[in-house]
Amino acid sequence: MIVRLARRLLRTRLLAVTVTGPSMEPALRDGDRVLVRRRPSGPARGDVVVLEPPPGAREAGLTHEGLIIKRVAAGPGDPVPALFAERLGVPPGAVVPPGHYLVLGDNRPLSVDSRRFGYVTRALLTGVVTRPLPRHTPTVPAAPVTTADPLLPVAEPVRDAG
């Protein structure tokens, strides 16, 4: 009974996430796993966060389904970095509005982030990455896929662009 309660409590507060795609390289690589603390009080600049894609992210080029992972570039009350000012149409010296964040991928050429979709609201943040987890490796190595029939498809890894 106590173990069940502890597990339920951990599930409501923690989340294990597997990274897909190159947008957070070199800090996080495809296949890395991280532990996320759900509903943090207020992520700070430099924190890595997991969030739901904001409205307009698909139109901005995000191809990934599900949650995305980015680094907080600025939070409420922080100056808007020059990197975002033109996209957001704000004058120099403007600050990030209350309840909003600017997020950025570490691999800027391959990241779809606030440079393309603008501010994200606090409500979209799922949590803050607290630590890396061991990569999931199968205990038995997978056998290579072979087929005698050249017409049978072979699955290829899928990578996101954002």
Side-chain angles (χ1 to χ4, degrees), residues 2 4-136 157-162:
I2 291 175
R4 279 189 185 163
L5 288 173
R7 284 184 179 167
R8 182 173 292 166
L9 181 63
L10 287 175
R11 285 185 184 143
T12 61
R13 296 184 183 213
L14 299 172
L15 176 69
V17 173
T18 301
V19 177
T20 59
S23 71
M24 287 299 291
E25 289 179 356
L28 297 171
R29 298 189 181 280
D30 190 66
D32 283 353
R33 293 173 10 121
V34 293
L35 186 63
V36 175
R37 183 173 30 103
R38 293 179 188 252
R39 303 293 175 204
S41 58
R45 190 176 342 153
D47 283 347
V48 176
V49 293
V50 173
L51 61 145
E52 296 176 34
R58 302 272 177 251
E59 294 78 15
L62 185 71
T63 58
H64 181 76
E65 297 292 328
L67 299 173
I68 58 177
I69 187 166
K70 303 293 175 194
R71 189 174 302 278
V72 173
D78 289 338
V80 173
L83 183 65
F84 301 96
E86 183 178 332
R87 161 63 179 92
L88 299 171
V90 297
V95 296
V96 176
H100 291 76
Y101 293 86
L102 292 170
V103 295
L104 187 64
D106 288 355
N107 189 353
R108 294 183 185 177
L110 298 180
S111 178
V112 176
D113 48 42
S114 288
R115 293 172 298 163
R116 296 177 67 182
F117 52 67
Y119 293 112
V120 295
T121 62
R122 169 77 181 84
L124 295 175
L125 299 180
T126 300
V128 174
V129 173
T130 60
R131 57 178 284 195
L133 293 173
R135 289 178 74 103
H136 179 69
V158 178
R159 300 184 64 95
D160 72 296

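- How far CG of L125 is from NZ of K70: 13.5 Å, rounded to the nearest 0.5 Å.
- With contacts defined as side-chain heavy-atom distances shorter than 4.5 Å, the pair E65/R58 qualifies.
- Across P22 and N107, no two heavy atoms sit closer than the pair O-ND2, 3.1 Å.
- Annotation for Y101 and G42: closest pair OH-CA, 3.9 Å, computed over non-hydrogen atoms.
- When all heavy atoms are compared, the tightest approach of V90 to Y119 is CG1-OH, 4.2 Å.
- How far CG of L104 is from OG of S111: 6.0 Å, rounded to the nearest 0.5 Å.
- One finds the CG atom of L28 at 11.0 Å from the CG atom of D30 (value rounded to the nearest 0.5 Å).
- Shown here for V72 and P43, the closest heavy-atom pair between the two residues is CG2-CB, 4.1 Å.
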- Message: Between V36 and I69, does the side chain to side chain contact (heavy atoms under 4.5 Å, CB included) criterion hold? Intermediate values first, please.
- Response: CA-CA 10 Å; V36 175; I69 187 166; 6.0 Å; no

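- Annotation for R108: atom CZ does not count as buried by contact number, only 12 or fewer foreign heavy atoms lying within 6.0 Å.
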- Query: Stepwise, does the side chain to side chain contact (heavy atoms under 4.5 Å, CB included) test hold for L102 with L88?
  - Reply: CA-CA 10 Å; L102 292 170; L88 299 171; 3.7 Å; yes

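- With rounding to the nearest 0.5 angstrom, the CZ atom of R116 is 10.0 Å from the CZ atom of R87.
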- Message: Checking T12 against R38 for the side chain to side chain contact (heavy atoms under 4.5 Å, CB included) test, could you report, in this order, the C-alpha distance in whole Å, the side-chain angles of both residues, the deciding distance, and whether it holds?
- Response: CA-CA 7 Å; T12 61; R38 293 179 188 252; 5.7 Å; no

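- The two residues P53 and L62 have their closest heavy-atom pair at CB-CD2, 3.7 Å.
- With salt bridges taken as basic N to acidic carboxylate O contacts below 4.0 Å, one links R135 and D32.
- Crowding of R13 atom CZ: a count of heavy atoms from other residues, nucleotides or ligands under 6.0 Å not exceeding 12.
- Note that the CG atom of D113 and the CG atom of L83 stand 8.0 Å from one another [nearest 0.5 Å].
- Side-chain contact check for P76 versus D78: every heavy-atom pair is 4.5 Å or farther apart.
- With E52 as the fixed residue, the side-chain contact (heavy atoms from CB on, under 4.5 Å) test singles out one of V120, L124, T121: L124.
- Residues S23 and L110 fail the side-chain proximity criterion, which asks for heavy atoms closer than 4.5 Å.
- The shortest side-chain heavy-atom distance between V112 and I68 does not fall under the 4.5 Å cut-off.
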